[in-house]
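Everything below concerns the one structure shown next.
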Amino acid sequence: MPEIILNNLNFILPELVLTATVLVIIVAYLTNRKDETIVYYLSLVGLVITLYALTGKVGENLSAFDGMLSIDPFSLFFKIVIVFSTIVVVIMSQHSDEVKSEKNLQGEYYFLVLSMAIGMMFMVGASNLLMMYLALEFSSLTSYVASGFTRKAKDSSEASLKYLLYGAFSSGVMLYGISILYGLTGTLSIAGINQVLMQGSVNSLALLISSLFILVGFAYKISAVPFHYWTPDVYEGAPITITAFLSVASKAAGFAMMMRAFKVMFVDSSLVTLPVGAWGFVNGIHLQQVLIVLSVLTMTLGNLVALWQDNLKRMLAYSSIAQAGYMLLGVLVLGNDGTAAVMIYFVVYLFMNLGAFYVVMLFANKIGSEHIDSYKGLGRKSPLLSVALAVFLISLTGLPPTAGFVGKWMIFLSLINAKMIGVAVIGVINSVISLYYYVRVIRNMFLRDEERMSDETFKFPLAQQILLVSLLIPTLYFGLFFNELVEFAQFSVTMFGVK
Amino acid sequence: MTGKNACPTKSNFMIPLNHYLLLSAFLFSCGVLGVVVRRNAIVVFMCIELMLNAVNLSLIAFSSYLGDATGQMLVFFVMVVAAAEAAVGLAIIISLFRNKQTVNVDELNILKW
């Protein structure tokens with residue numbers, strides 16, 4: 001038995017490296033309270049080593065810990081996305097006045113961020129309902145605390161409580177679904193559940209109810225309508241670095257877990273190649289229709305409510321709900337096409353969304369406000385940041401020379417291949433609606449002047465400019481040269497146990 | 001399927017699975033109703049714990065019925081997670097109370113629309 005465990009530990013080497021980093025951070029924080037930057041450098045070093053350990057996992061396709069975790073190209077892809085966004089968020093935090101305002105708590109901050117990353121890395125590999133629940137709770141519990149990190153701010157603690165109540169409620173509902181599914185099939189392993197379902201003797205009404213309940217847990221994590229209520233509040237109230245982290249990494253982990261669950265549990269595993277839209281092999285459950293309704297509602301509500309937001313953080317929250325809607329379109333196609341499209345979208349989304357939040361954070365450092373009116377005339381005060389924000393927002397809209405276009409295009413392409421043109425049209429209409437509120441910010445920056453003209457210009461340190469440019473370049477680069485990205489995603493769609 | 005011995009006497013007096021499931025569904029609905037209706041954050045939190053315990057009941061009932069120990073194992077994890085959640089949750093409620101002197105969820109209205 002010990003040998004088996006030791007052998008299995010080798011498969012989760014990157015997670016172990018990150019766990020060790022977290023422990024080192026706690027010790028360093030407790031023993032060295034004077035110099036607060038040491039925890040920052042330690043977490044960066046730990047994350048880079050984790051990224052390096054992940055490169056050693058390329059090509060592995062196996063199941064570890066008795067089927068609890070799958071170590072496959074699919075999980076590797078999402079782990080890279082998560083670790084990379086953690087690195088960006090950690091560097092962002094070092095530039096954030098909001099995070100630094102909490103003196104003597106920097107160790108706790110990096111401890112929380114890295115713990116969230118560990119939870120998410122387990123989420124993407126989880127292939128057992130028990131592991132899924134635990135990983136989900138792991139990342140959620142740390143997120144609750146992290147979103148209330150600025151304790152003195154009223155909105156931060158309010159955001160934290162709202163997040164906790166919604167999160168605990170939806171994970172309770174999900175757990176009830178898990179218990180029904182367990183009762184129906186007698187196993188918690190998603191591959192085992194698939195085998196029982198294949199025999200076709202399961203009550204389809206009970207199966208539908210349980211799968212809907214489980215969907216609640218996923219929908220909460222990816223902030224899909226109607227389980228999105230926490231998103232705007234938490235995104236506005238939490239420190240902006242945590243907001244950026246939740247909007248990218250947490251969403252990526254939720255999507256990965258959801259795609260694995262659906263693809264392994266609810267698809268006919270005897271098929272050699274996945275036909276386009278291989279849903280509903282069990283009589284009576286039409287999860288595809290449910291997902292279509294969910295994604296159309298998510299996009300439309302996210303975009304329409306974003307139209308009248310005046311706080312940029314809150315607008316980006318609704319925009320991220322809308323983005324989740326587009327990504328759900330890729331999930332409901334279910335074939336390898338759709339999965340690859342979602343993965344490409346996440347890489348693109350990582351750069352453009354983190355970039356947008358980073359610019360908002362840098363401006364908030366200077367002007368202390370996230371209100372859209374305070375962006376008037378910023379184009380003159382700080383050309384680099386304004387142009388960068390404009391590029392990120394155009395990319396979020398999905399207009400051509402930027403990477404956002406490639407992401408959207410791949411998703412709509414997979415929909416059209418699956419003969420769901422009507423849904424694709426709704427997606428395109430939504431992109432057009434979203435143009436309005438993104439461009440409103442750009443207009444304020446470049447075409448409107450403040451009431452009191454001043455000639456001051458904002459200077460940003462070199463380190464901040466470097467991070468900004470290194471987020472900006474991929475956003476433009478992947479818009480033009482996306483072949484490698486597409487090939488890497490198509491190589492990475494392989495999941496353990498799915499042909 | 002080794003857990004068959006857990007209930008060796010399948011006599012007529014055994015409570016059928018349905019009863020457990022109905023009780024569990026009833027408790028779960030009470031929990032959901034409480035979350036929706038009650039306004040005190042701590043009571044809402046207790047209702048969420050009630051939902052989790054309803055889940056535990058149905059898991060144990062299924063586990064015993066199927067003679068499979070996996071469900072009981074999950075119950076332990078759920079209990080541990082619920083305890084962790086309570087610790088984090090109460091800490092957050094205290095930090096909120098220090099800021100706003102209230103735990104009424106209706107008064108948490110800095111952030112809306």
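Chain identifiers are assigned alphabetically (A, B, ...) following the order of the sequence lines, protein sequences preceding nucleic acid strands; residue numbering begins at 1 within each chain.
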At a heavy-atom separation under 4.5 Å, does B:Ala25 approach chain A through its side chain, its backbone, both, or neither? both

Begin with the C-alpha distance, continue with both residues' side-chain angles, and end with the deciding distance and a verdict on salt bridge (charged side-chain N to carboxylate O under 4.0 Å, His left out) for A:Lys162 and A:Asp155. CA-CA 10 Å; A:Lys162 283 184 176 170; A:Asp155 53 352; over 6 Å; no

Answer yes or no: is there a side-chain heavy-atom contact under 4.5 Å between A:Met132 and A:Ile190? yes

Part of A:Ser171 within contact of chain B (heavy atom distance under 4.5 Å): side chain

Residue from A:Thr187, A:Val173, A:Ile178, A:Val145 scoring the most non-hydrogen pairs under 4.5 Å with chain B is A:Val173

Given a strict heavy-atom distance threshold of 4.5 Å, which part of A:Tyr133 is in contact with chain B: side chain, backbone, both, or neither? side chain

Top contributor to chain A contacts, counting heavy-atom pairs under 4.5 Å, from B:Ala82, B:Ala41, B:Gly31, B:Ser63: B:Ser63

Side-chain donor-acceptor pair under 3.5 Å between B:Asp68 and B:Thr70, yes or no? yes

Short question: side chain of A:Ser139, backbone of A:Gly119 - any donor-acceptor pair under 3.5 Å? no

Which atoms of B:Leu59 come close to chain A, meaning under 4.5 Å heavy atom to heavy atom: side chain ones, backbone ones, both, or neither? both

Looking only at heavy atoms, the pair that brings A:Tyr163 and A:Ser143 closest together is CE2-CB, 3.5 Å

Side chain, backbone, both or neither: which part of B:Leu96 has a non-hydrogen atom closer than 4.5 Å to chain A? both

Side chains of A:Tyr437 and A:Asn303, donor plus acceptor under 3.5 Å: yes

Donor-acceptor side-chain pairing of A:Ser156 and A:Thr150 below 3.5 angstrom: yes

If you count heavy-atom pairs within less than 4.5 Å of chain A, which of B:Ile93, B:Val80, B:Val32, B:Val44 leads? B:Val32

Chain B heavy atoms under 4.5 Å from A:Leu134: which part of the residue, side chain, backbone, both or neither? side chain

Report the option among A:Leu188, A:Leu184, A:Leu130, A:Leu129 that has the most heavy-atom pairs separated by less than 4.5 Å from atoms of chain B. A:Leu130

Would the distance check show the side chain of A:Ser127 and the main-chain N or O of A:Gly67 forming a donor-acceptor pair, the cut-off being under 3.5 Å? yes

Under a 4.5 Å heavy-atom cut-off, does chain A meet the side chain of B:Val105, its backbone, both or neither? side chain

